[in-house]
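Accompanying notes for the structure given below.
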Amino acid sequence: ELKIVHHNGSERCFRIFVEDVFTSDGDWTSRRITSYDITYETRMREALFESEYRLRQVLDLVPHHLYAKDRHGGFIMVNKAVAEAFGMEPEDILGRNHYDLATVKSEALRSRAEDLVVLEEGRARMIAEEEFTDVHGELHVMESIKVPFSPDRGGALAVLTISTDITARRVAERRADEHRRQLIQADKMKSLGILVAGVAHEINNPNNFISLNLPILRRFFDDLRPFLDERRAELEPYALAGMPFSKARELIPQLLDDI
């Protein structure tokens with residue numbers, strides 16, 4: 001290919017073909033040179049290359065996992081975030097099967113099953129949570145959107161996946177749930193403490209009353225017993241609280257001592 005710059009600054013591109021011409025006897029006679037103007041083709045190719053370069057920059061700047069797989073599970077497009085997760089360069093992943101690269105094979109099988117559903121239904125699918133283990137063995141919780149698309153006009157469908165790492169969010173949510181449970185438990189314990197204190201107060205009031213008046217009652221009975229003993233013959237068969245005086249005389253002090 002040859003690029004020619006016109007004196008006005010414009011450029012033209014040509015593809016040059018050189019062909020030797022021979023006689024029927026095999027003798028060389030001349031050299032035929034043919035040129036084709038490929039300026040438009042070259043400009044389109046350069047524009048396409050520039051467009052692909054800008055798209056690659058955009059894809060690699062996105063921190064989320066962006067990748068596309070064909071219906072056989074092979075990667076046809078990955079961004080830098082995906083490549084780093086596998087510990088590889090993007091160009092080394094293209095054409096490889098997800099199952100072969102996965103650290104945990106069951107994760108690749110689940111992803112493959114979700115891809116087949118998307119291809120069968122022909123519509124986008126939201127995956128609220130799926131596990132992904134990177135090349136270092138670290139487990140990530142991903143939120144993914146899978147979309148069917150055709151990488152080639154009129155060609156077979158493939159699946160484009162955009163996955164967001166929500167591991168930190170899930171950890172924060174679990175910590176918040178645990179904190180809420182602790183607050184609820186603490187509130188229950190506080191309420192129980194108030195209830196127990198109230199019950200104890202209600203029990204202590206009559207206990208204190210009894211404790212304060214019990215010695216008086218004991219002295220009262222001790223002072224009354226000699227009088228009752230002197231008149232025992234006159235009082236028989238006298239009963240105290242339904243008991244004969246002879247039995248009540250011994251039992252009442254014991255009851256007062258036990259209180």
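Since this is a predicted model, take the numbers as computed values, not measurements. Values below: every heavy atom of this structure, side chains too, minus hydrogens, waters and symmetry copies.
Judged by distance alone, the side chains of T42 and K3 never bring a donor and an acceptor atom under 3.5 Å apart. Side-chain contact annotation: E130 with S144, donor-acceptor N/O pair under 3.5 Å present. One side chain, T133 or E107, offers a donor N or O that lies under 3.5 Å from an acceptor on the other. A side-chain donor from one of D165 and T167 sits under 3.5 Å from a side-chain acceptor of the other.
Under the 3.5 Å distance criterion, the side-chain polar atoms of N97 are matched with a main-chain donor or acceptor of H72. Distance alone, capped at 3.5 Å, places no donor-acceptor pair between the D25 side chain and the D27 backbone. In this structure a side-chain-to-backbone donor-acceptor pair under 3.5 Å is missing from D37 to F14. Remark: the backbone N or O of V118 is not paired with any side-chain donor or acceptor of D115 at under 3.5 angstrom. Listed for the K105 side chain is a donor-acceptor partner under 3.5 Å among the backbone atoms of Y99. The backbone N or O of L66 sits less than 3.5 Å from a side-chain atom of N79, completing a donor-acceptor pair.
A salt bridge does not link R31 to E19: none of the charged side-chain nitrogens sits closer than 4.0 Å to a carboxylate oxygen. Salt bridge present: R181 and E178 bring a charged side-chain N and a carboxylate O closer than 4.0 Å. Under the 4.0 Å criterion applied to side-chain N and carboxylate O atoms, E41 and R45 are assigned as salt-bridge partners. Salt-bridge annotation for R170 and E129: present, with a side-chain N of the basic residue lying under 4.0 Å from a carboxylate O of the acidic one.
The shortest non-hydrogen separation linking C13 to T39 is N-OG1, 2.8 Å. For D134 against H140, the heavy-atom pair with the smallest separation is OD2-NE2, 3.0 Å. Minimum interatomic distance between I16 and S35 (heavy atoms only, all atoms of both residues): CD1-CB, 3.4 Å. In this structure, K80 and D60 approach most closely via the heavy-atom pair N-OD1, 2.9 Å. The heavy-atom pair separating G73 from R112 by the smallest distance is N-NH1, 3.5 Å. Shown here for A108 and A102, the closest heavy-atom pair between the two residues is CB-CB, 3.7 Å.
T161 OG1 to H64 NE2: the interatomic distance, rounded to the nearest 0.5 Å, is 14.0 Å. Taking NZ of K69 as the start and CG of L119 as the end, the distance is 10.0 Å to the nearest 0.5 Å.
By the 6.0 Å contact criterion, CZ on F149 is enclosed, its count of non-hydrogen atoms from other residues, nucleotides or ligands being greater than 12. The local environment of CD in E120 is sparse, with at most 12 non-hydrogen atoms from other residues, nucleotides or ligands closer than 6.0 Å. Within a 6.0 Å sphere centred on OH of Y40, other residues, nucleotides and ligands contribute 12 heavy atoms or fewer. M189 CE: 12 or fewer foreign heavy atoms inside a 6.0 Å radius.
Hydrophobic clustering (ILVMFWY, side-chain heavy atoms < 4.5 Å, transitive): M88 and V82 are in one cluster. Using a 4.5 Å cut-off between side-chain heavy atoms of Ile, Leu, Val, Met, Phe, Trp and Tyr, with links allowed through other members, F75 and F132 fall into the same hydrophobic cluster. Note: the hydrophobic cluster containing I162 also contains I76 (ILVMFWY, side chain heavy atoms under 4.5 Å, direct or indirect links). Grouping the Ile, Leu, Val, Met, Phe, Trp and Tyr side chains by contacts below 4.5 angstrom, directly or via other members, places M44 apart from I38. Each of L160 and L116 belongs to its own hydrophobic cluster when Ile, Leu, Val, Met, Phe, Trp and Tyr are linked at side-chain heavy-atom distances under 4.5 angstrom.
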Query - Full working for side chain to side chain contact (heavy atoms under 4.5 Å, CB included) between T164 and M142 - result: CA-CA 5 Å; T164 304; M142 313 297 290; 6.0 Å; no
Query - Test log, rule ring pair (Phe, Tyr, Trp, His ring centres under 6.0 Å), inputs F86 and Y67 - result: CA-CA 12 Å; F86 284 116; Y67 58 91; 8.2 Å; no
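Side-chain contact between W28 and D20: present, with at least one pair of heavy atoms (C-beta onward) separated by less than 4.5 Å. Contact of the R169 side chain with the E143 side chain is registered, since non-hydrogen atoms from C-beta on lie closer than 4.5 Å. Inter-residue side-chain proximity for M126 and K146 is flagged as unmet; no heavy-atom pair is nearer than 4.5 Å. When side chains are defined from C-beta on, P151 does not count as touching M77, because their heavy atoms never get closer than 4.5 Å.
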